[in-house]
Number of protein chains: 2
Amino acid sequence: MMSISSRFAVGIHILALIEINKDGVSSSEFLARSVNTNPALIRKIMGMLKKAGLIEVNPGIAGAKLSKELSDITMLDVYKAVHVVQDNELFKVHESPNIECPVGRNIQDTIEPLFSTAQLAMENILGKVNLEDIVKDIDKKVEH
Amino acid sequence: MMSISSRFAVGIHILALIEINKDGVSSSEFLARSVNTNPALIRKIMGMLKKAGLIEVNPGIAGAKLSKELSDITMLDVYKAVHVVQDNELFKVHESPNIECPVGRNIQDTIEPLFSTAQLAMENILGKVNLEDIVKDIDKKVEH
DNA sequence: AATACCTGTAACTATACTTATTACATGTAA
DNA sequence: TTACATGTAATAAGTATAGTTACAGGTATT
């Protein structure tokens, strides 16, 4: 039973915490305490978020900042940033089926459009939610 | 980069081939030649399809038959049958975040509905395609 | 009953990805 | 110079997949 790497969930956690802690300094050590993992792991994921243009962070200088508006960062952006699933490869197809069999010869071309559509439907949902939605929801839960 | 086990694609392959070869005998050895893998692996997947009520197959007797109408077997049925993804666990959440942090305490409850909705959107697409669609598409490709 | 062949399944291997961890090179500022 | 930060490589343990061998047990034919 596979599941999509928690890098995605951790990436969202990092971004939300940077925002909610925007008046403080969000070092990898600070973020790691909240996620409850190792600072090195946080820095690896921060590197991915940085490369995707979602955060600004500099060597030697403590703390990270968001580099876009909250509403301009969708969950799909985070998902793509942390490289948990490759485009059009959520579903694995079996390699080298027997091309002498009519089914073996055609099955891949038949199911790939379905797999692609299913993956895109999932990713489309992620694109509809942005970091502002996430942060507001957390704020609402904190008040209660 | 994770992807969903090819058991799903192989399961679809098996079912389509059983149908297209319905006048012949679809033994695990025959199916394995088309998929281009080991008969034991095919039997393992056939066991899952059988347990899900999609095919009929008996010890000692060569060949498998579909146990439902073509249009009554959706790709979602196959997906569930081969246990490639657990309900509501397509996306992994990081375990035991720090509950002393407002984000750590609430992030899971905030993102889980999103993860669940995204997974269901994907699965919903799979439920819209049935084995008849697949077989017709293969037949069409074979004619050309 | 003996045989031949099938399914069902356990056991083992190789491979690959994830997560956690250590270590250290490099950058920054007091 | 120091203290501390980020960036990143290397390693290890855990887990899932895919491939393979082996064999127990069922069925049908001779």
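Proteins come first, then strands; the chains are lettered A, B, ... in the order of their sequence lines, and each starts at number 1. Because only heavy atoms are used, hydrogens play no part in the values below, and waters and symmetry mates are left out as well, while side chains stay in.
In this structure, B:L49 places its CG atom 14 Å from P of C:dT7, rounding to the nearest Å. Spacing between atom CE of A:M46 and atom C1' of D:dT8 amounts to 14 Å, rounded to whole angstrom units. Put simply, CE on B:M48 is 13 Å from P on C:dG8, counting in whole angstrom units. If you measure from atom CD of A:Q86 to atom P of C:dT18, you get 11 Å, rounded to the nearest angstrom. A straight line from CD1 of B:I45 to P of D:dT20 spans 14 Å, rounded to a whole angstrom. Look at CD1 on A:I42: it is 16 Å from P on C:dT18, rounded to the nearest Å. Between the CD atom of B:E29 and the C1' atom of C:dG8 there is a distance of 17 Å, rounded to whole Å.
Among the atoms of the strands shown, none is found under 4.0 Å from any heavy atom of B:K51.
The only option from A:V129, A:L126, A:L15 that meets the side-chain contact (heavy atoms from CB on, under 4.5 Å) definition with A:V78 turns out to be A:L15.
The CD1 atom of A:I45 lies 11.5 Å from the OG atom of A:S28; values are rounded to the nearest 0.5 Å.
Atom CD of A:E56 is surrounded by 12 or fewer heavy atoms from other residues, nucleotides or ligands within 6.0 Å. Within a 6.0 Å radius of NZ in A:K141, other residues, nucleotides and ligands contribute more than 12 heavy atoms.
Between A:K22 and A:E19 there is a salt bridge, since at least one side-chain N of the basic residue sits less than 4.0 Å from a carboxylate O of the acidic one.
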Given protein heavy atoms under 4.0 Å, the one-letter contact record of nucleotides 22-30 of chain C, with B base, S sugar-phosphate only and - none, is simply BB---BS--
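Under the side chain to side chain contact (heavy atoms under 4.5 Å, CB included) criterion, B:N124 pairs with B:K128, sequence neighbours left out.
Using modelled atom types and a 3.5 Å distance limit, the side chains of B:N130 and B:T74 yield no donor-acceptor pair. Checked by atom type, the side-chain pair B:S34/A:N98 shows no donor-acceptor distance below 3.5 Å.
Between A:F115 and A:F91, the ring-plane angle classifies as parallel under the 30° and 60° cut-offs.
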Polar atom pairs between nucleotides 16-18 of chain D and protein, under 3.5 Å, N or O only, would you list them?
unit_1	atom_1	unit_2	atom_2	d
D:dA16	O3'	A:M1	N	3.2
D:dT17	OP1	A:M1	N	3.1
D:dT17	OP2	A:M1	N	3.4
D:dA18	OP1	B:S6	N	3.0
D:dA18	OP1	B:S6	OG	2.7
D:dA18	OP2	B:S5	OG	2.4

